[in-house]
Amino acid sequence: MTQFANQKLPSLGIDIGSTTAKVALIENGELVYQRYERHYSFVRQKTLEMIRDMRDLLCGRDFTVAVSGSSSRDPTMMKRERLTRTTSST
C-alpha cells in the first residue's frame, strides 16, 4: 500500500486527439478546471502550454495524471517537464 492510498489526490486528465487537446482537473469530485483547444499539429507545445497555464493549481502538490487520445502515444510527449511557479517582481 502506498502512502497516498487513503488520500484523495487531485486528478489531471489530458486528452490529446488528432486536432485538439483537452485538460481537466478534478478535485474532491468537482471539476475545478477545464480547457479545450485546437493544437494545429503543434501537439506537444500546445499541451505543455495548457498545463503550464494551470501551474498555480498544481505546483507543490501531488496529483494523479491520466493521458488518452490518438496523439498521446507520441514518444516526444513522454519527456519529463518540470512545472515551476513563476513570480513577477513589481
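All residue numbers refer to positions in the sequence shown, counting from 1. Keep in mind that this is a model prediction, so the values were computed, not measured.
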Is the cationic atom of R38 (NZ for Lys, CZ for Arg) positioned less than 6.0 Å from the six-membered ring centroid of Y40 and within 45 degrees of its normal?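 Satisfied, under 6.0 Å and within 45°.
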Is any side-chain heavy atom of D56 closer than 4.5 Å to one of M54?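 No, side chains not in contact.
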Check: I14 and L12 side chains under 4.5 Å, non-hydrogen atoms: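 Yes - at least one pair of side-chain heavy atoms lies under 4.5 Å apart.
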Charged N to carboxylate O below 4.0 Å: is that the case for E49 and R52?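 Salt bridge flag = no for R52 with E49.
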Restricting to non-hydrogen atoms, name the atom on [X] and the atom on [Y] that form the minimum distance, rounded to 0.1 Å.
| X | Y | answer |
| --- | --- | --- |
| L9 | F63 | CB-CA, 4.2 Å |
| D62 | P10 | O-CD, 3.4 Å |
| T47 | V43 | OG1-O, 2.8 Å |
| L57 | L25 | CB-CD2, 3.9 Å |

Can you get from V67 to I26 by hopping between Ile, Leu, Val, Met, Phe, Trp and Tyr side chains that sit under 4.5 Å apart?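 They do not share one cluster, since no chain of ILVMFWY contacts under 4.5 Å joins V67 to I26.
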Check for me, please, whether F42 and M50 land in the same ILVMFWY cluster - side-chain distances under 4.5 Å, paths through other members count.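 Different hydrophobic clusters.
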For the CG atom of L31 and the OG atom of S11, what is their distance to the nearest 0.5 Å?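 The distance works out to 11.5 Å.
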If you measure from OG1 on T20 to NZ on K46, what distance do you get to the nearest 0.5 Å?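 The NZ atom of K46 is 11.5 Å from OG1 of T20, to the nearest 0.5 Å.
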Run the side-chain contact (heavy atoms from CB on, under 4.5 Å) check on Q34 and K22 step by step: do they pass? CA-CA 7 Å; Q34 64 179 338; K22 296 160 271 308; over 6 Å; no
H39 side chain to G17 backbone, donor-acceptor under 3.5 Å: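 Present.
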Donor-acceptor side-chain pairing of S18 and S70 below 3.5 angstrom: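 Per modelled atom types, S18 and S70 side chains form no pair under 3.5 Å.
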Could you go through the side-chain contact (heavy atoms from CB on, under 4.5 Å) check for E27 and R61 one step at a time? CA-CA 12 Å; E27 193 167 0; R61 303 179 70 194; 2.5 Å; yes
